[in-house]
Enquirer: 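Here it is, the structure in full.
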There are 2 protein chains.
Amino acid sequence: MNQNETRTESGRRGRVKVAGSGAGTELQPAVPQGVGSEKYERILDAAVEVIAEHGYFNSPVSAIAARAGVADGTVYLYFKSKDEVLRKALDRNFERFYVVVAERFMTLHDPREQLEFVAWLHLQTATENRGMAVLMQTEMRQSAKFVADFSLEHLARYIHLLREVIRRGQASGIFRSDISDGLVAHCLFGAIDELLSSSIFTGRKYEAKQTAAQVLDVLLHGFGGQKK
Amino acid sequence: MNQNETRTESGRRGRVKVAGSGAGTELQPAVPQGVGSEKYERILDAAVEVIAEHGYFNSPVSAIAARAGVADGTVYLYFKSKDEVLRKALDRNFERFYVVVAERFMTLHDPREQLEFVAWLHLQTATENRGMAVLMQTEMRQSAKFVADFSLEHLARYIHLLREVIRRGQASGIFRSDISDGLVAHCLFGAIDELLSSSIFTGRKYEAKQTAAQVLDVLLHGFGGQKK
DNA sequence: TTGGCAAATGAGTGAGGATTCATTAGAGTG
DNA sequence: CACTCTAATGAATCCTCACTCATTTGCCAA
(Lines give C-alpha, C1' and ligand atoms only; values in the text may rest on other atoms or scores of the structure.)
Protein backbone atom coordinates (compact mmCIF):
# COMPACT_ATOMS: atom_id res chain seq x y z
CA MET A 1 0.00 0.00 0.00
CA ASN A 2 2.34 2.67 -1.12
CA GLN A 3 0.68 5.96 -1.40
CA ASN A 4 2.57 9.11 -1.87
CA GLU A 5 2.90 9.74 1.79
CA THR A 6 3.84 13.20 2.79
CA ARG A 7 6.88 12.47 4.76
CA THR A 8 9.54 15.02 5.23
CA GLU A 9 12.44 13.74 3.32
CA SER A 10 15.59 13.76 5.30
CA GLY A 11 16.88 17.23 5.11
CA ARG A 12 15.17 18.00 1.88
CA ARG A 13 12.37 20.44 1.65
CA GLY A 14 9.13 18.81 0.75
CA ARG A 15 8.61 19.03 -2.92
CA VAL A 16 5.54 18.12 -4.86
CA LYS A 17 6.36 15.19 -6.97
CA VAL A 18 5.68 15.49 -10.62
CA ALA A 19 2.72 13.32 -11.34
CA GLY A 20 4.00 11.83 -14.52
CA SER A 21 5.42 13.52 -17.57
CA GLY A 22 2.35 13.42 -19.71
CA ALA A 23 -0.74 15.06 -18.31
CA GLY A 24 -2.94 12.13 -19.14
CA THR A 25 -0.95 9.26 -17.70
CA GLU A 26 -1.87 8.52 -14.15
CA LEU A 27 0.71 6.80 -12.01
CA GLN A 28 3.98 6.27 -13.68
CA PRO A 29 5.53 3.02 -12.55
CA ALA A 30 7.75 3.94 -9.64
CA VAL A 31 9.59 0.74 -10.14
CA PRO A 32 10.46 -0.10 -13.72
CA GLN A 33 10.58 -3.84 -13.53
CA GLY A 34 8.69 -4.45 -10.37
CA VAL A 35 9.88 -5.17 -6.91
CA GLY A 36 11.52 -8.44 -7.69
CA SER A 37 13.60 -7.22 -10.60
CA GLU A 38 17.25 -7.92 -10.68
CA LYS A 39 18.36 -4.32 -10.31
CA TYR A 40 16.00 -3.72 -7.44
CA GLU A 41 17.55 -6.56 -5.53
CA ARG A 42 21.06 -5.54 -6.49
CA ILE A 43 20.50 -2.08 -5.10
CA LEU A 44 19.17 -3.45 -1.84
CA ASP A 45 22.13 -5.78 -1.49
CA ALA A 46 24.54 -2.99 -2.24
CA ALA A 47 22.84 -0.71 0.25
CA VAL A 48 23.12 -3.31 2.98
CA GLU A 49 26.81 -3.77 2.34
CA VAL A 50 27.68 -0.12 2.10
CA ILE A 51 25.56 1.03 5.00
CA ALA A 52 26.75 -1.79 7.21
CA GLU A 53 30.26 -0.65 6.53
CA HIS A 54 29.92 3.10 6.92
CA GLY A 55 26.60 3.76 8.54
CA TYR A 56 23.54 5.23 6.94
CA PHE A 57 24.55 8.85 7.24
CA ASN A 58 28.01 8.24 5.95
CA SER A 59 26.85 6.35 2.92
CA PRO A 60 26.16 8.60 -0.06
CA VAL A 61 23.62 7.29 -2.46
CA SER A 62 26.35 7.50 -5.04
CA ALA A 63 28.33 4.89 -3.11
CA ILE A 64 25.37 2.57 -2.99
CA ALA A 65 24.73 3.05 -6.67
CA ALA A 66 28.35 2.41 -7.49
CA ARG A 67 28.40 -0.77 -5.45
CA ALA A 68 25.28 -1.93 -7.22
CA GLY A 69 26.79 -1.06 -10.57
CA VAL A 70 24.11 1.41 -11.55
CA ALA A 71 23.96 5.16 -11.99
CA ASP A 72 22.95 7.38 -9.10
CA GLY A 73 19.72 8.30 -10.75
CA THR A 74 18.74 4.70 -11.22
CA VAL A 75 18.34 4.27 -7.51
CA TYR A 76 15.52 6.77 -7.72
CA LEU A 77 13.75 4.80 -10.37
CA TYR A 78 13.35 1.99 -7.90
CA PHE A 79 13.05 3.85 -4.61
CA LYS A 80 11.48 7.11 -3.60
CA SER A 81 14.32 8.19 -1.39
CA LYS A 82 17.46 7.07 0.29
CA ASP A 83 15.69 6.10 3.45
CA GLU A 84 13.21 4.02 1.56
CA VAL A 85 16.10 1.89 0.43
CA LEU A 86 17.05 1.21 4.02
CA ARG A 87 13.52 0.46 5.01
CA LYS A 88 12.90 -1.92 2.17
CA ALA A 89 16.11 -3.74 2.90
CA LEU A 90 15.08 -4.32 6.48
CA ASP A 91 11.58 -5.27 5.41
CA ARG A 92 12.86 -7.87 3.06
CA ASN A 93 14.94 -9.41 5.79
CA PHE A 94 12.15 -9.59 8.32
CA GLU A 95 9.84 -11.06 5.77
CA ARG A 96 12.22 -13.88 5.05
CA PHE A 97 12.64 -14.50 8.74
CA TYR A 98 8.95 -14.84 9.42
CA VAL A 99 8.43 -17.10 6.48
CA VAL A 100 10.99 -19.53 7.85
CA VAL A 101 9.53 -19.36 11.33
CA ALA A 102 6.00 -19.97 10.11
CA GLU A 103 7.15 -22.94 8.11
CA ARG A 104 9.01 -24.53 10.95
CA PHE A 105 6.21 -23.99 13.42
CA MET A 106 3.93 -26.08 11.28
CA THR A 107 5.70 -29.17 12.51
CA LEU A 108 7.30 -27.96 15.71
CA HIS A 109 4.81 -27.41 18.48
CA ASP A 110 6.53 -27.58 21.82
CA PRO A 111 6.85 -24.01 23.17
CA ARG A 112 10.32 -24.66 24.53
CA GLU A 113 11.51 -25.96 21.21
CA GLN A 114 9.82 -23.14 19.37
CA LEU A 115 11.63 -20.56 21.45
CA GLU A 116 14.89 -22.31 20.93
CA PHE A 117 14.26 -22.46 17.24
CA VAL A 118 13.57 -18.75 17.00
CA ALA A 119 16.67 -17.98 19.03
CA TRP A 120 18.70 -20.22 16.80
CA LEU A 121 17.28 -18.81 13.61
CA HIS A 122 17.92 -15.29 14.80
CA LEU A 123 21.56 -16.05 15.50
CA GLN A 124 21.95 -18.21 12.45
CA THR A 125 20.50 -15.67 10.06
CA ALA A 126 22.87 -13.06 11.39
CA THR A 127 25.81 -15.35 10.83
CA GLU A 128 24.85 -15.91 7.25
CA ASN A 129 24.35 -12.27 6.43
CA ARG A 130 26.67 -10.19 8.46
CA GLY A 131 25.88 -6.98 6.65
CA MET A 132 22.23 -7.24 7.43
CA ALA A 133 23.03 -8.17 10.99
CA VAL A 134 25.03 -4.99 11.39
CA LEU A 135 22.14 -2.96 10.07
CA MET A 136 19.80 -4.53 12.54
CA GLN A 137 22.08 -3.83 15.45
CA THR A 138 22.88 -0.29 14.45
CA GLU A 139 20.84 1.61 11.92
CA MET A 140 17.62 0.14 13.09
CA ARG A 141 18.09 1.72 16.49
CA GLN A 142 18.37 5.17 15.08
CA SER A 143 16.19 7.69 16.79
CA ALA A 144 15.49 9.44 13.53
CA LYS A 145 11.78 9.18 13.00
CA PHE A 146 12.06 7.64 9.63
CA VAL A 147 13.54 4.50 11.09
CA ALA A 148 12.08 4.61 14.54
CA ASP A 149 8.42 4.06 13.80
CA PHE A 150 9.09 1.50 11.28
CA SER A 151 11.59 -0.39 13.41
CA LEU A 152 9.18 -0.39 16.23
CA GLU A 153 6.68 -2.15 14.09
CA HIS A 154 9.08 -4.91 13.21
CA LEU A 155 10.33 -5.35 16.73
CA ALA A 156 6.82 -5.33 18.08
CA ARG A 157 5.97 -8.12 15.72
CA TYR A 158 8.94 -10.14 16.86
CA ILE A 159 8.06 -9.64 20.50
CA HIS A 160 4.49 -10.50 19.72
CA LEU A 161 5.57 -13.77 18.23
CA LEU A 162 7.55 -14.68 21.30
CA ARG A 163 4.75 -13.71 23.64
CA GLU A 164 2.31 -15.96 21.91
CA VAL A 165 4.61 -18.91 22.27
CA ILE A 166 5.24 -18.08 25.88
CA ARG A 167 1.58 -17.72 26.64
CA ARG A 168 0.90 -21.12 25.19
CA GLY A 169 3.63 -22.53 27.35
CA GLN A 170 2.10 -20.92 30.38
CA ALA A 171 -1.33 -22.19 29.51
CA SER A 172 -0.06 -25.71 29.24
CA GLY A 173 1.76 -25.41 32.52
CA ILE A 174 5.32 -25.83 31.34
CA PHE A 175 6.19 -22.17 31.97
CA ARG A 176 5.66 -20.19 35.12
CA SER A 177 2.54 -18.12 35.04
CA ASP A 178 3.51 -15.70 37.77
CA ILE A 179 5.77 -13.80 35.41
CA SER A 180 4.45 -11.64 32.62
CA ASP A 181 4.87 -13.11 29.19
CA GLY A 182 5.96 -9.68 27.97
CA LEU A 183 8.80 -9.53 30.42
CA VAL A 184 10.03 -12.95 29.46
CA ALA A 185 9.76 -12.14 25.78
CA HIS A 186 11.87 -9.05 26.21
CA CYS A 187 14.41 -10.94 28.28
CA LEU A 188 14.76 -13.56 25.62
CA PHE A 189 14.92 -11.15 22.76
CA GLY A 190 17.28 -8.88 24.65
CA ALA A 191 19.63 -11.71 25.52
CA ILE A 192 19.86 -12.94 21.95
CA ASP A 193 20.14 -9.47 20.60
CA GLU A 194 22.92 -8.57 22.97
CA LEU A 195 24.87 -11.72 22.24
CA LEU A 196 24.59 -10.82 18.61
CA SER A 197 25.65 -7.22 19.08
CA SER A 198 28.58 -8.25 21.12
CA SER A 199 29.66 -10.74 18.53
CA ILE A 200 29.33 -8.21 15.76
CA PHE A 201 31.16 -5.46 17.53
CA THR A 202 33.98 -7.54 18.91
CA GLY A 203 34.18 -9.85 15.93
CA ARG A 204 34.04 -12.91 18.11
CA LYS A 205 32.21 -15.84 16.62
CA TYR A 206 29.66 -18.06 18.24
CA GLU A 207 28.05 -21.32 17.41
CA ALA A 208 24.38 -20.59 16.81
CA LYS A 209 22.97 -23.93 17.85
CA GLN A 210 24.88 -24.12 21.05
CA THR A 211 24.40 -20.50 22.01
CA ALA A 212 20.66 -20.67 21.49
CA ALA A 213 20.51 -23.77 23.67
CA GLN A 214 22.50 -22.13 26.42
CA VAL A 215 20.38 -19.01 26.47
CA LEU A 216 17.26 -21.09 26.72
CA ASP A 217 18.84 -23.12 29.46
CA VAL A 218 19.50 -20.00 31.48
CA LEU A 219 16.07 -18.57 30.89
CA LEU A 220 14.22 -21.78 31.52
CA HIS A 221 16.13 -23.08 34.51
CA GLY A 222 17.93 -20.03 35.84
CA PHE A 223 21.55 -19.79 36.75
CA GLY A 224 20.97 -19.49 40.44
CA GLY A 225 21.54 -22.61 42.48
CA GLN A 226 22.41 -26.08 41.31
CA LYS A 227 21.66 -27.39 37.94
CA LYS A 228 18.50 -29.34 37.98
CA MET B 1 25.27 34.32 -6.91
CA ASN B 2 27.93 31.80 -6.51
CA GLN B 3 30.32 31.51 -9.32
CA ASN B 4 32.56 29.05 -7.76
CA GLU B 5 35.70 29.10 -9.73
CA THR B 6 37.63 26.00 -9.24
CA ARG B 7 39.65 27.20 -6.39
CA THR B 8 39.88 23.93 -4.63
CA GLU B 9 43.21 24.72 -3.20
CA SER B 10 42.35 24.73 0.46
CA GLY B 11 40.90 21.45 1.50
CA ARG B 12 39.66 20.83 4.93
CA ARG B 13 42.33 22.40 7.00
CA GLY B 14 44.01 20.13 9.45
CA ARG B 15 43.07 20.82 12.99
CA VAL B 16 46.38 22.23 13.99
CA LYS B 17 45.38 24.96 16.29
CA VAL B 18 47.03 28.31 16.23
CA ALA B 19 49.30 28.48 19.19
CA GLY B 20 48.03 31.76 20.44
CA SER B 21 48.84 35.18 19.12
CA GLY B 22 51.54 36.01 21.57
CA ALA B 23 54.58 33.84 21.73
CA GLY B 24 55.48 32.18 24.94
CA THR B 25 52.56 29.95 25.86
CA GLU B 26 53.21 26.56 24.36
CA LEU B 27 49.92 24.90 24.94
CA GLN B 28 46.88 27.04 24.65
CA PRO B 29 44.13 25.69 26.82
CA ALA B 30 41.84 23.74 24.54
CA VAL B 31 39.12 24.31 27.06
CA PRO B 32 38.96 27.82 28.40
CA GLN B 33 37.76 27.21 31.89
CA GLY B 34 38.55 23.57 32.29
CA VAL B 35 36.39 20.56 31.95
CA GLY B 36 34.12 21.38 34.79
CA SER B 37 33.30 24.91 33.76
CA GLU B 38 29.74 25.97 33.58
CA LYS B 39 29.62 26.41 29.85
CA TYR B 40 31.26 23.09 29.22
CA GLU B 41 28.56 21.36 31.17
CA ARG B 42 25.83 23.43 29.59
CA ILE B 43 26.98 22.43 26.14
CA LEU B 44 26.99 18.77 27.08
CA ASP B 45 23.50 18.99 28.53
CA ALA B 46 22.25 20.80 25.46
CA ALA B 47 23.83 18.24 23.18
CA VAL B 48 22.17 15.40 25.01
CA GLU B 49 18.77 17.02 24.72
CA VAL B 50 19.05 18.00 21.11
CA ILE B 51 20.61 14.79 19.91
CA ALA B 52 18.15 12.68 21.83
CA GLU B 53 15.40 14.52 20.10
CA HIS B 54 16.66 14.58 16.54
CA GLY B 55 19.51 12.12 16.34
CA TYR B 56 23.16 12.93 15.96
CA PHE B 57 23.15 13.44 12.24
CA ASN B 58 20.09 15.61 12.29
CA SER B 59 21.42 17.88 14.97
CA PRO B 60 23.43 20.77 13.61
CA VAL B 61 26.05 22.10 15.93
CA SER B 62 24.25 25.39 15.64
CA ALA B 63 21.19 23.83 17.26
CA ILE B 64 23.23 22.50 20.14
CA ALA B 65 24.90 25.85 20.59
CA ALA B 66 21.57 27.64 20.53
CA ARG B 67 20.13 25.30 23.14
CA ALA B 68 23.13 25.88 25.32
CA GLY B 69 22.83 29.59 24.84
CA VAL B 70 26.26 30.06 23.30
CA ALA B 71 27.53 30.93 19.87
CA ASP B 72 28.36 28.21 17.37
CA GLY B 73 32.04 28.91 17.59
CA THR B 74 32.06 28.59 21.34
CA VAL B 75 31.38 24.90 21.07
CA TYR B 76 34.75 24.60 19.38
CA LEU B 77 36.50 26.31 22.22
CA TYR B 78 35.44 23.48 24.48
CA PHE B 79 35.40 20.54 22.10
CA LYS B 80 37.50 19.56 19.14
CA SER B 81 34.59 18.46 17.02
CA LYS B 82 30.96 17.62 17.03
CA ASP B 83 31.55 14.00 17.74
CA GLU B 84 33.76 14.79 20.66
CA VAL B 85 30.77 16.43 22.23
CA LEU B 86 28.80 13.23 21.93
CA ARG B 87 31.63 11.14 23.26
CA LYS B 88 32.22 13.33 26.25
CA ALA B 89 28.55 13.33 27.08
CA LEU B 90 28.46 9.56 27.11
CA ASP B 91 31.69 9.43 29.06
CA ARG B 92 30.35 11.66 31.74
CA ASN B 93 27.32 9.49 32.13
CA PHE B 94 29.21 6.24 32.43
CA GLU B 95 31.55 7.78 34.90
CA ARG B 96 28.72 8.76 37.17
CA PHE B 97 27.24 5.31 36.88
CA TYR B 98 30.40 3.55 37.94
CA VAL B 99 30.95 5.89 40.82
CA VAL B 100 27.56 5.02 42.22
CA VAL B 101 28.09 1.31 41.68
CA ALA B 102 31.47 1.37 43.37
CA GLU B 103 30.05 3.18 46.34
CA ARG B 104 27.18 0.83 46.81
CA PHE B 105 29.31 -2.26 46.44
CA MET B 106 31.34 -1.18 49.42
CA THR B 107 28.51 -2.23 51.68
CA LEU B 108 26.59 -4.64 49.48
CA HIS B 109 28.38 -7.91 48.97
CA ASP B 110 25.92 -10.60 48.04
CA PRO B 111 26.31 -11.30 44.30
CA ARG B 112 22.59 -11.67 43.78
CA GLU B 113 21.93 -8.35 45.41
CA GLN B 114 24.76 -6.74 43.54
CA LEU B 115 23.33 -7.83 40.22
CA GLU B 116 19.93 -6.63 41.21
CA PHE B 117 21.39 -3.33 42.25
CA VAL B 118 23.14 -2.82 38.96
CA ALA B 119 20.01 -3.73 37.06
CA TRP B 120 18.01 -1.33 39.16
CA LEU B 121 20.51 1.48 38.82
CA HIS B 122 20.65 1.00 35.09
CA LEU B 123 16.89 1.30 34.79
CA GLN B 124 16.64 4.01 37.39
CA THR B 125 19.30 6.20 35.82
CA ALA B 126 17.52 5.98 32.51
CA THR B 127 14.29 7.05 34.09
CA GLU B 128 15.87 10.10 35.60
CA ASN B 129 17.60 11.21 32.47
CA ARG B 130 15.55 10.26 29.51
CA GLY B 131 17.64 12.21 27.06
CA MET B 132 20.76 10.35 28.00
CA ALA B 133 18.88 7.10 27.92
CA VAL B 134 17.84 7.75 24.36
CA LEU B 135 21.43 8.45 23.40
CA MET B 136 22.55 5.21 24.92
CA GLN B 137 19.93 3.18 23.11
CA THR B 138 20.44 4.86 19.78
CA GLU B 139 23.46 6.94 18.99
CA MET B 140 25.75 4.71 20.91
CA ARG B 141 24.98 1.83 18.58
CA GLN B 142 26.00 3.70 15.50
CA SER B 143 28.27 1.71 13.32
CA ALA B 144 30.41 4.67 12.46
CA LYS B 145 33.78 3.84 13.73
CA PHE B 146 34.08 6.90 15.85
CA VAL B 147 31.35 5.73 18.12
CA ALA B 148 31.82 2.04 17.72
CA ASP B 149 35.24 1.70 19.23
CA PHE B 150 34.50 4.01 21.98
CA SER B 151 31.12 2.46 22.79
CA LEU B 152 32.67 -0.91 22.80
CA GLU B 153 35.00 0.17 25.51
CA HIS B 154 32.20 1.34 27.72
CA LEU B 155 30.06 -1.70 27.11
CA ALA B 156 32.98 -3.99 27.65
CA ARG B 157 33.54 -2.38 30.99
CA TYR B 158 29.94 -2.87 31.95
CA ILE B 159 30.03 -6.52 30.95
CA HIS B 160 33.27 -6.93 32.78
CA LEU B 161 31.70 -5.63 35.93
CA LEU B 162 28.84 -8.10 35.68
CA ARG B 163 31.15 -10.99 34.96
CA GLU B 164 33.18 -10.36 38.04
CA VAL B 165 30.12 -10.42 40.20
CA ILE B 166 28.89 -13.57 38.52
CA ARG B 167 32.21 -15.29 38.91
CA ARG B 168 32.21 -14.57 42.58
CA GLY B 169 28.74 -16.00 42.81
CA GLN B 170 29.90 -19.12 41.04
CA ALA B 171 32.91 -19.45 43.27
CA SER B 172 30.76 -19.29 46.35
CA GLY B 173 28.36 -21.82 44.91
CA ILE B 174 25.24 -19.73 44.69
CA PHE B 175 25.34 -19.61 40.91
CA ARG B 176 25.63 -22.50 38.52
CA SER B 177 29.15 -23.06 37.33
CA ASP B 178 28.28 -25.00 34.22
CA ILE B 179 27.32 -21.86 32.37
CA SER B 180 29.85 -19.33 31.22
CA ASP B 181 29.87 -16.12 33.21
CA GLY B 182 30.14 -14.21 29.95
CA LEU B 183 26.96 -15.70 28.62
CA VAL B 184 25.06 -14.87 31.76
CA ALA B 185 26.43 -11.36 31.82
CA HIS B 186 25.28 -10.75 28.28
CA CYS B 187 21.87 -12.22 29.03
CA LEU B 188 21.43 -9.94 31.99
CA PHE B 189 22.68 -6.87 30.25
CA GLY B 190 20.70 -7.67 27.14
CA ALA B 191 17.50 -8.18 29.05
CA ILE B 192 17.80 -4.89 30.91
CA ASP B 193 18.88 -3.07 27.82
CA GLU B 194 15.99 -4.39 25.81
CA LEU B 195 13.44 -3.55 28.47
CA LEU B 196 14.84 -0.06 28.45
CA SER B 197 14.80 0.27 24.67
CA SER B 198 11.31 -0.96 24.52
CA SER B 199 10.20 1.49 27.15
CA ILE B 200 11.90 4.36 25.42
CA PHE B 201 10.58 3.56 22.01
CA THR B 202 7.04 2.80 23.00
CA GLY B 203 6.91 5.38 25.75
CA ARG B 204 5.62 2.85 28.23
CA LYS B 205 6.84 3.35 31.76
CA TYR B 206 8.14 0.79 34.16
CA GLU B 207 8.90 0.65 37.82
CA ALA B 208 12.65 0.27 38.12
CA LYS B 209 12.74 -1.56 41.42
CA GLN B 210 10.14 -4.08 40.47
CA THR B 211 11.40 -4.63 36.95
CA ALA B 212 14.93 -5.26 38.15
CA ALA B 213 13.64 -7.78 40.66
CA GLN B 214 11.61 -9.60 38.05
CA VAL B 215 14.45 -9.84 35.61
CA LEU B 216 16.71 -11.25 38.27
CA ASP B 217 13.98 -13.66 39.25
CA VAL B 218 13.78 -14.97 35.72
CA LEU B 219 17.53 -15.22 35.31
CA LEU B 220 18.15 -16.80 38.69
CA HIS B 221 15.25 -19.23 38.82
CA GLY B 222 14.16 -19.55 35.22
CA PHE B 223 10.67 -19.36 33.91
CA GLY B 224 10.38 -22.98 33.02
CA GLY B 225 8.43 -25.13 35.43
CA GLN B 226 6.85 -24.24 38.71
CA LYS B 227 7.95 -21.40 40.85
CA LYS B 228 10.28 -22.59 43.51
C1' DT C 1 15.87 1.64 -41.54
C1' DT C 2 13.03 4.34 -38.77
C1' DG C 3 10.07 5.52 -34.99
C1' DG C 4 8.55 4.81 -30.40
C1' DC C 5 9.08 3.79 -25.79
C1' DA C 6 10.99 2.29 -21.42
C1' DA C 7 15.12 2.16 -18.86
C1' DA C 8 19.21 4.11 -17.55
C1' DT C 9 22.50 7.69 -17.20
C1' DG C 10 25.23 11.24 -14.71
C1' DA C 11 26.17 16.16 -14.61
C1' DG C 12 23.97 19.75 -12.35
C1' DT C 13 21.32 22.12 -8.61
C1' DG C 14 20.63 23.76 -4.28
C1' DA C 15 20.44 23.13 0.47
C1' DG C 16 22.68 22.11 4.60
C1' DG C 17 26.03 22.27 7.93
C1' DA C 18 30.89 21.53 10.20
C1' DT C 19 34.44 24.31 11.09
C1' DT C 20 37.21 28.63 10.95
C1' DC C 21 38.80 33.13 12.11
C1' DA C 22 38.70 38.12 12.11
C1' DT C 23 36.48 40.76 15.23
C1' DT C 24 34.30 42.31 19.59
C1' DA C 25 33.38 42.23 24.52
C1' DG C 26 34.99 42.03 29.11
C1' DA C 27 37.88 41.87 32.88
C1' DG C 28 41.88 43.08 35.08
C1' DT C 29 45.94 45.99 35.87
C1' DG C 30 48.84 50.07 36.37
C1' DC D 1 42.37 55.91 30.47
C1' DA D 2 45.50 52.86 27.83
C1' DC D 3 46.93 48.32 27.34
C1' DT D 4 46.64 43.31 27.31
C1' DC D 5 44.94 39.00 27.32
C1' DT D 6 41.29 35.74 27.22
C1' DA D 7 36.58 34.25 26.15
C1' DA D 8 33.05 34.57 23.06
C1' DT D 9 30.93 35.66 18.81
C1' DG D 10 28.73 34.57 14.33
C1' DA D 11 29.25 35.52 9.44
C1' DA D 12 31.72 33.42 5.89
C1' DT D 13 33.91 29.46 3.80
C1' DC D 14 33.72 25.55 1.39
C1' DC D 15 32.52 20.87 0.99
C1' DT D 16 29.26 17.14 0.81
C1' DC D 17 25.33 15.07 -0.78
C1' DA D 18 20.13 13.96 -1.99
C1' DC D 19 17.64 14.37 -5.64
C1' DT D 20 16.32 16.03 -10.61
C1' DC D 21 15.90 15.89 -15.41
C1' DA D 22 17.57 16.54 -20.16
C1' DT D 23 19.76 13.32 -22.71
C1' DT D 24 21.24 8.77 -24.29
C1' DT D 25 20.86 3.85 -24.84
C1' DG D 26 18.72 -0.39 -26.14
C1' DC D 27 15.08 -2.94 -27.78
C1' DC D 28 11.39 -4.23 -30.77
C1' DA D 29 8.03 -3.81 -34.28
C1' DA D 30 6.62 -2.04 -38.64
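Naming convention: chains lettered A, B, ... in sequence-line order (proteins, then strands); numbering from 1 in each chain. Quick caveat: nothing in here was measured; it's all calculated off a predicted structure. Just the heavy atoms: all of them, side chains too, but no hydrogens, waters or symmetry mates, feed the values below.
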Enquirer: Return no unless some side-chain N or O of B:K39 is found under 4.0 Å from OP1 or OP2 of D:dA7.
Expert: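 Negative; the distance criterion is not met.
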Enquirer: Roughly, in whole Å, what's the span from CZ in A:F57 to P in D:dC15?
Expert: 23 Å
Enquirer: OP1, OP2 of C:dT9 versus side-chain N and O of A:T74: anything below 4.0 Å?
Expert: yes
Enquirer: Output the rounded distance in Å from OH (A:Y40) to P (C:dA6).
Expert: 21 Å
Enquirer: Between B:R104 and B:T107, do the side chains contain an N or O donor and an N or O acceptor separated by less than 3.5 Å?
Expert: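 There is such a pair (donor and acceptor under 3.5 Å, judged by atom type) between the side chains of B:R104 and B:T107.
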Enquirer: Which of these nucleotides, C:dT19, D:dT9, D:dT20, is closest to any side-chain atom of A:Y76?
Expert: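 Selected nucleotide: D:dT20.
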Enquirer: Between D:dC17, C:dT19, C:dA18, which nucleotide gets closest to the side-chain atoms of A:P60?
Expert: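 Per side-chain heavy atoms of A:P60, the pick is D:dC17.
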Enquirer: Can you check the A:F79 CZ to C:dA8 P distance for me, whole Å?
Expert: 12 Å
Enquirer: From the options D:dA8, D:dA18, C:dG17, select the nucleotide whose nearest atom is closest to the side chain of B:Y78.
Expert: D:dA8
Enquirer: A:T127 and A:Y206: side-chain donor and acceptor closer than 3.5 Å?
Expert: yes
Enquirer: Among D:dA18, C:dG10, D:dT9, find the nucleotide with the atom closest to the side chain of A:D72.
Expert: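 Of D:dA18, C:dG10, D:dT9, C:dG10 is nearest to the side chain of A:D72.
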Enquirer: In this structure, how many angstroms lie between the P atom of C:dA7 and the CZ atom of A:R42, rounded?
Expert: 15 Å
Enquirer: What's the CG-P distance between B:N58 and C:dA15, to the nearest Å?
Expert: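 Taking CG of B:N58 and P of C:dA15, I get 18 Å after rounding.
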Enquirer: If I take atom CD in residue A:E84 and atom P in nucleotide D:dC19, what distance separates them, rounded to the nearest angstrom?
Expert: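 One finds 10 Å between P of D:dC19 and CD of A:E84, rounded.
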Enquirer: Checking B:F105 now: which residues fulfil ring-ring contact (aromatic ring centres under 6.0 Å, His included) with it, not counting sequence neighbours?
Expert: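 Here no residue qualifies.
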Enquirer: For residues A:F79 and A:Y40, establish whether the separation of their ring centroids is below 6.0 Å.
Expert: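 Yes, they do, as the ring centres are separated by less than 6.0 Å.
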Enquirer: Side chain of A:S81 only, please: which of C:dT9, D:dC19, D:dT9 is the nearest?
Expert: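 Nearest nucleotide to the side chain: D:dC19.
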Enquirer: Any side-chain heavy-atom pair from B:Y78 and B:E41 closer than 4.5 angstrom?
Expert: no
Enquirer: Could you check which of C:dA18, D:dA8, C:dT9 has an atom nearest any side-chain atom of B:K82?
Expert: C:dA18
Enquirer: Please work out if B:V70 contacts a base, only the sugar-phosphate, or nothing of the nucleic acid, heavy-atom cut-off 4.0 Å.
Expert: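 The answer is sugar-phosphate, as B:V70 gets under 4.0 Å only of primed atoms, P, OP1 or OP2.
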Enquirer: Quickly work out the A:D83 CG to D:dC17 P distance and round it to whole Å.
Expert: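 Those two atoms, CG and P, are 16 Å apart.
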Enquirer: Take atom NE2 of B:H54 and atom P of C:dG17, then tell me their distance rounded to the nearest Å.
Expert: 11 Å
